[in-house]
Amino acid sequence: MVAKSLGEENNTAGVHPLKFTLWLIIISIIMMFAAFTSAYLVRRAEGNWLEFDLPNILLINTVIIALSSVTMQMAHNAAASDNISRMRLLLYLTFGLGITFLIGQWNGWSELVSNNVFFGGETSNPSGSFMYVLTGVHAFHIITGLLYLAFVITASIRYKVHSKSMLRIQLCTIYWHFLGGLWLYLYIFLRLNH
Amino acid sequence: MSSTDISINKDVHHAHEEHDHHHDQNFFEKYIFSQDHKVIAKQFLFAGIFWGFVGGFLSVIFRLQLGWPEATFTFLEPILGGWIVNGKLDPEFYLALVTMHGTIMVFFVLTAGLSGTFSNFLIPLQIGARDMASGFMNMLSFWIFFMASVVMFISLFLSTGPAGGGWTVYPPLSALPQAISGSGTGMTLWLVSMALFIVSQLLGGVNYITTVINLRTKGMSMTKLPLTIWAFFLTAILGLLSFPVLFSAALLLIFDRSFGTSFYLSDIYIAGEALSNTGGSAILFQHLFWFLGHPEVYIVILPTFGIVSEVIATNSRKPIFGYRAMIGSLLGISLLSFVVWAHHMFVTGMNPFLGSVFMFLTLIIAVPSAVKVFNWLATLWRGNIRFTAAMMFAIAFVSLFISGGLTGIILGNSSLDIMLHDTYFVIAHFHLVMGAAAFFGMFCGIYHWFPKMFGRMMDEKLGYVHFWFTFLSAYLVFMPMHYLGIAGFPRRYYSWTGFNAFNMFADMNSFISIAAILGFTAQIIFLFNFVYSIFKGRRATANPWHSNTLEWTTPVNPGHGNWPGEIPTVYRWPYDYSKPGAVEDYIPQHVPFSQTQSSNLPHERDLE
Ligand code: HEM
Ligand SMILES: [Cu+2]
């Protein structure tokens, strides 16, 4: 059963309810990271804080995730102009970039470990643990984004994504941009508070 | 199941018109994995009542211990088994009891049970929608809550006992399994359960907000919404903003417990041995916890603000006094609730200047709270009051809220709080203002909307009996606790007979315990009335209370989709009670001004 929108009957806000829902979910994710980053600041201000260098690869990852936002947007635009094959290609590309980002983050963690910055254990310090938590929880959300992206890709293979059926890819684009923006925030935050 | 299943149920509407008379849903779709908001509301209600009895029962056990510290409780052995050693309650089990009592009551009963029931039931019905924005997410919300419930319930039967660090689960106590047995598996399950619980609340809350914003019927502007909806709406926003923070806090605690991090742990010695953790801060947890914790107490009380406003206006047969002020104060309380959390932490050694800032902000909350109280009283003033069971609970709610709110103002002063913190004075404060008041609001809602939920009436006489026993015992239990608290009697102590200063309170403690047992027993009357009336109650009419809001325009037993025909359009606010010149003493929201010319006010003539 393909559900139609109740919103068509009497939508009082002019935004599709699902899009609205997505924004609310985004707000709750923002609150989570607001909690982490403010805890970081409060804890850092108390001293006994291990300073270490951020892995260099994070900068590359930032570029990759920014690129993936671009390809995502282009995929969206291709769908809007019914350029189906181009859209698919761009979706694959976005997916690939997303995976690359995750691999990059993983390498970042290895670099931290090789610099003796650990998540837990006897020698760990909250400064390092926070680093893992921020990147880890973000990576978890990237995975959810990739799952949704995979779902949009399947739909596009079945010719279900085109200019008259944009909702899926719209939601996906919003979420993906958000995840990119969130990473940008985290990266700048970590750079500044170091 | 297709792609957009996590989506919007327009088909509800069509399905209903097309197959009005032959049902194509099987038992599971209809009653178990239902996406109908009314069924989900009842599921939350049943779960809430179940948890209410569990939580109440736990409190009776620890009240026995507090009331008769020297007695032996061999008769409890059949129920508690190994937790009774030689007739004595295991001290660590006592801590587990208070912890689980608090967790269950605050989260499972007064958050999930209350919002889950009434937001789900009333939002679509009162704003004129066929269902929630996403029936699927709504169903998910209940079933994830159910999983959280199962995990929490299982933890009650662990051989090491459920979590025992208090409902606020402060580390380091909660972080170190070596500290008390409750911090072992019990605490792990507590965290798992709460993580699920938070997900469930977020799914529910997102849905409530979306529905209120997007799916109001024609004419239902935000300023024509019943106050219930405003209250549920703001409650959901508070939850959306604060629960993720608790999630973060819990996640860090999980890492500390299981992955050897030190977010909250530093320089700890257990049995003379130093732990390796360095650099953590236990106060950090308190900040994160109370950033949720304080909004959480308003998540508990706001829905009942709405319910009580609605019931008081209906049963005083008067417009609610100061409708806009009521909305304004709800908004004010919601905003302020995010900037006062540190009043729970006055004794953590925070900078006294910071303490004064939080004290100032805390005391400001008294202003919008007082606005609400005055408006309720003004609505009652010279009303044509009908003392239905729901109305009794609503009026008692106001009384309890005043009694408990006044002590809040005392605690809000940091210099006084330093004396009173962690004494029974705090217990008295929050049980009156939150515990008892929210329970009364919930009962009020159940008695009032029972006819719409089950198509039958609850028995009023039994309702009065239930009310008076509950009301008296609420005051008899919590009023004496103020004295205990002022005398310095600390909370969460298993045994106090070793302290000479407190021995003189033995009688008072027994008295409180007797009142508590009385209050718990009275709930059996409610349970009987509730279950009996579902099957055998007097049949309800479509609008038994002569109320104005839209839910009473549905059939006695509304089906999936709520209105068999078109959704009514709304023309007026929900509080046109006893309007001068009107034929009857109420004019429902869907009656256009053109039909009520005799009672229209000058500015309403244009709308005719
Ligand atoms: C006039 C408004 C209020 C003020 C000024 C106020 C102030 C306070 C203060 C300062 C404390 C901390 C006491 C301590 O631990 O030493 C406290 C505790 C508490 N308050 Fe209030 N309060 C108010 C209203 C409310 C309301 C409306 C609710 C709930 C609906 C509530 C629920 C609680 C709870 C649950 C606690 C104790 C939590 C715990 O430690 O376990 N309060 N209040
Ligand atoms: Cu508070």
Side-chain angles (χ1 to χ4, degrees), chain A residues 1-25 27-36 38-39 42-43 46-50 118-130 132-133 136-137 151-152 154-155 158 160 165 167-168, chain B residues 1-14 128-131 133-134 136-137 202 205-207 209-211 213-218 220-221 240-249 251-252 255-256 258-263 266 276-281 283-284 287-288 291 567:
Chain A
M1 88 190 169
V2 174
K4 280 160 280 176
S5 157
L6 189 75
E8 290 160 25
E9 186 173 17
N10 55 351
N11 189 335
T12 28
V15 184
H16 191 282
L18 266 189
K19 212 182 274 178
F20 196 84
T21 301
L22 177 63
W23 280 111
L24 294 178
I25 292 173
I27 290 177
S28 74
I29 299 175
I30 291 178
M31 285 310 293
M32 241 183 116
F33 280 92
F36 284 135
S38 48
V42 169
R43 175 57 199 80
E46 277 177 24
N48 186 2
W49 186 258
L50 178 76
F118 298 112
F119 176 51
E122 309 231 325
T123 52
S124 70
N125 181 284
S127 72
S129 310
F130 263 118
Y132 285 95
V133 168
V137 178
F151 161 77
V152 174
T154 344
R158 298 208 192 112
K160 280 188 180 164
S165 163
L167 186 63
R168 291 185 188 87
Chain B
M1 287 265 159
S2 94
S3 47
T4 34
D5 250 6
I6 308 191
S7 77
I8 313 298
N9 288 313
K10 166 107 169 209
D11 47 334
V12 163
H13 174 191
H14 291 290
R130 301 264 175 216
D131 205 319
S134 167
F136 180 76
M137 269 170 66
L202 290 176
V206 159
N207 231 331
I209 301 172
T210 311
T211 309
I213 295 287
N214 285 284
L215 301 183
R216 300 189 311 276
T217 185
K218 212 183 294 152
M220 183 64 93
S221 60
L240 187 77
L241 296 177
S242 61
F243 272 118
V245 178
L246 180 66
F247 196 88
S248 300
L251 202 60
L252 298 187
F255 291 146
D256 271 6
S258 311
F259 295 87
T261 57
S262 317
F263 291 108
S266 191
S276 66
N277 306 77
T278 53
S281 157
I283 308 284
L284 180 61
H287 278 296
L288 290 174
F291 187 84
I567 301 180

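Every chain is numbered from 1, with letters handed out A, B, ... down the list of sequences.
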Exercise for review: Would you mind checking which part of B:Phe259 comes under 4.5 Å of any heavy atom in chain A, side chain (CB onward), backbone (N, CA, C, O), both or neither?
Suggested key: both

Check your understanding: So what's closer than 4.5 Å to chain A heavy atoms on B:Phe291: side chain, backbone, both or neither?
Key -> side chain

Point to revise | Between A:Ile30, A:Ile25, A:Val133, A:Leu50, the one whose heavy-atom pairs under 4.5 Å with chain B are most numerous | key: A:Val133

Check your understanding: At a heavy-atom separation under 4.5 Å, does A:Glu46 approach chain B through its side chain, its backbone, both, or neither?
Key -> side chain

Check your understanding: Given a strict heavy-atom distance threshold of 4.5 Å, which part of B:Leu202 is in contact with chain A: side chain, backbone, both, or neither?
Key -> side chain

Check your understanding: Within the distance-only criterion (no hydrogens, no angle test), does the side chain of A:Ser38 pair as donor or acceptor with the backbone N or O of A:Ala35 below 3.5 angstrom?
Key -> yes

**Study point:** Any donor-acceptor pair under 3.5 Å from B:Thr211 side chain to B:Ala133 backbone
**Key:** yes

Revision key, fill the gap. To the nearest 0.5 Å, atom CG of B:Leu215 lies from atom CZ of B:Arg130 at 11.5 Å

Exercise for review: Check each atom of B:Leu251 against the heavy atoms of chain A and say whether the ones under 4.5 Å are side chain, backbone, both or neither.
Suggested key: side chain

Review point. Ring centres of A:Tyr132 and A:Phe118 under 6.0 Å apart?
Key: no

**Study point:** Residue among B:Ile209, B:Leu246, B:Ile283 with most heavy-atom pairs under 4.5 Å to chain A
**Key:** B:Ile209

Study note, to complete from the structure: Honestly, the part of B:Leu284 sitting under 4.5 Å from a heavy atom of chain A is side chain

Point to revise | Test item: A:Arg43 side-chain N/O and A:Phe130 main-chain N/O as donor-acceptor pair under 3.5 Å | key: no

**Study point:** Whether B:Thr278 side chain and B:Ser266 backbone form a donor-acceptor pair below 3.5 Å
**Key:** no

